[in-house]
Number of protein chains: 2
Amino acid sequence: MKQQTPDILQQMRDRLIMAHYRLGQKLRPSEVAAEFEVSANTIREIMLRLSAEGLLDYEDQRGFRVVGASDRLLHEITEFRIVLEQCGVERSIARGGIEWEAQMAAAHHKLSHIEARIRRTGDVVGVLKHWNDAELDFHLSLMGAADLPILQQSFRTVYARFRQQIVSPERSYAHREGNIIEHQRILEAALDRDVAASHDAIYRHLRRNLMPEPDARSEDTMTA
Amino acid sequence: MKQQTPDILQQMRDRLIMAHYRLGQKLRPSEVAAEFEVSANTIREIMLRLSAEGLLDYEDQRGFRVVGASDRLLHEITEFRIVLEQCGVERSIARGGIEWEAQMAAAHHKLSHIEARIRRTGDVVGVLKHWNDAELDFHLSLMGAADLPILQQSFRTVYARFRQQIVSPERSYAHREGNIIEHQRILEAALDRDVAASHDAIYRHLRRNLMPEPDARSEDTMTA
DNA sequence: AATCCCCGAAATTTTGAAATTTCATTGCAA
DNA sequence: TTGCAATGAAATTTCAAAATTTCGGGGATT
């Protein structure tokens, strides 16, 4: 028995993000432990960490459960994600140099290569992990010059929770062709050092995951 | 042996925030376990969760360590905290009603009561926990109408890490009289629904924890 | 003197089982 | 029939010990 906790932790994270388990499904340490051929306690520790990241729900004496599908939750995660990304690009535009631009271009190149391949072959599942990693890298590269690691770390966990909600069998995988264009728009705006355009491009990229706004004109905004 | 993990988790969190352990100190599960009279494994689980919150450092096979004091880290935490708070107030101003205003006023009232008492008696340690809770409540109330629980949760953990860095024996406890005025300024700006003034008041409240800026005029911003 | 290697002590990680709590089912009474 | 209590099975939490890894101190070789 060697040290395999880090591996298993990452594998579990991937599973939760890539819909290996159903949303809302109960997850028993003993069952998962059997899959990985380790003891239940080892898995329990891993699951406690994953609940701290927001990928699992945990209640005392009641065990673990994959976070459930929820339009409201997806809306909140998306809003927060937009905030972090807009903040990240804005700071990067202010600080970043040629190095930053090069990293964005590189990340976008890899991403669009994978996206083109998906459009061609129609196979999403086979390269889903690669696409996930590439999209995360691209969005991280946007805030790569923000000089605020804590922002990137925060983004990572929010991004994971976002994917968890999006990549469920119920929802479409969201590999629409729009994505390719939207990513390009984001890249161009960032390279142009145009803060407003960047904000807008990010918003447009994510807005379809927001819930319809409650009518702003209604009186009861100030409910007591 | 009853269920006491939630208690111990909260106590440990308080200890880490209130300088019960030194920053950077090594923390052995077995030793802490002896203090609380539970087994080492129980504490280990708690510590794993606390490292996910960023209050402990954890390295495989090397155990746990209280996060060390670092000007750079405090700077980053502060910058991120400012981002979250400014975002929170801005959204609250847009959405909040009379209920929100009342909650801010209430939280500020409690906080200034404690701060006045501290100024009078000079005793900080005795009411440090109360002050912490009150200040957190106040800052949370600023974003109370933002309608984004995920933002509040994120702020809670960042605030905890901020306190951990600030409330160390080395640094002054930072219970300067300036605090009282600054809190008042923040409250007034929020009640005035003045976004710019709110942003400014929050920045002024926290800026002394930022590191001096590198000279913006220097050439090597674009270091390769 | 400096470096490397080996060994023992101490700490970390994993395990399997005991203790406790929750959950569902059945039986009893209103 | 409905509601409640009791019971037993299953799951969770805690524990203590075994297995593994790290850390540090000689001792031999260069």
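Only a predicted model underlies this, so the values are computations on that prediction, with no experimental measurement involved. Letters go in sequence order (proteins before strands), and every chain restarts at 1.
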Check side-chain contact (heavy atoms from CB on, under 4.5 Å) between A:D133 and all other residues, then give those that pass, not counting sequence neighbours.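 side-chain contact (heavy atoms from CB on, under 4.5 Å) check on A:D133 returns A:K129.
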
Under-3.5 Å N/O pairs linking protein and nucleotides 8-12 of chain D:
| residue | atom | partner | partner atom | Å |
| --- | --- | --- | --- | --- |
| D:dT12 | OP1 | A:K26 | NZ | 3.4 |

Residues from residues 32-43 of chain A sitting under 4.0 Å of DNA chain D, heavy atoms only?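 Going residue by residue through residues 32-43 of chain A, the ones with a heavy atom under 4.0 Å of DNA chain D turn out to be A:N41.
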
Going by number, which of residues 47-54 of chain A have a non-hydrogen atom under 4.0 Å from DNA chain D?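 The answer is none.
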
What pairs with [X] under salt bridge (Lys or Arg N to Asp or Glu O under 4.0 Å), at least two apart in sequence or on another chain?
X: B:R49; value: none
X: B:R15; value: B:E35
X: A:R117; value: none

If the condition is side-chain hydrogen bond (donor to acceptor under 3.5 Å, both in side chains), which residues does A:R65 pass it with, not counting sequence neighbours?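 For A:R65, no residue satisfies side-chain hydrogen bond (donor to acceptor under 3.5 Å, both in side chains) once neighbours in sequence are set aside.
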
If the condition is side-chain hydrogen bond (donor to acceptor under 3.5 Å, both in side chains), which residues does A:E90 pass it with, not counting sequence neighbours?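 Checked A:E90 against side-chain hydrogen bond (donor to acceptor under 3.5 Å, both in side chains); matches are A:H199.
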
Suppose we screen for ring-ring contact (aromatic ring centres under 6.0 Å, His included). Which residues come up paired with A:Y203, at least two apart in sequence or across chains?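 With neighbours one apart ignored, the set is empty.
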
I'd like to know if A:R163 pairs up with A:E135 as an ion pair, taking the criterion as any Lys NZ or Arg NE/NH1/NH2 lying under 4.0 Å from an Asp or Glu carboxylate oxygen.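 A:E135 and A:R163: salt-bridged.
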
With sequence neighbours left out, which residue pairs that include part of residues 70-109 of chain A fulfil the ring pair (Phe, Tyr, Trp, His ring centres under 6.0 Å) condition?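 Residue pairs with at least one partner in residues 70-109 of chain A: A:H108-A:F138.
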
Between the opening five pairs and the closing five pairs of the helix from C:dA1-D:dT30 to C:dA30-D:dT1, how far apart are the helix axes, to 10°?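 Comparing the axis at each end, I get an angle of 10°.
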
For the pair B:H139 and B:H183, name the ring-plane relationship: parallel under 30°, tilted 30 to 60°, perpendicular over 60°.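 Ring orientation, 0 to 90° scale: perpendicular.
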
Say whether B:Q10 and B:R13, considering side chains only, have a donor N or O and an acceptor N or O under 3.5 Å apart.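 A pair is found: one side chain offers a donor N or O, the other an acceptor, under 3.5 Å apart.
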
Go through the steps for A:L210 and A:L74 under the test side-chain contact (heavy atoms from CB on, under 4.5 Å), then give the verdict. CA-CA 7 Å; A:L210 297 173; A:L74 176 58; over 6 Å; no

Could you state the CG-C1' distance from B:D7 to D:dT13, rounded to the nearest angstrom?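 B:D7 atom CG is separated from D:dT13 atom C1' by 15 Å.
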
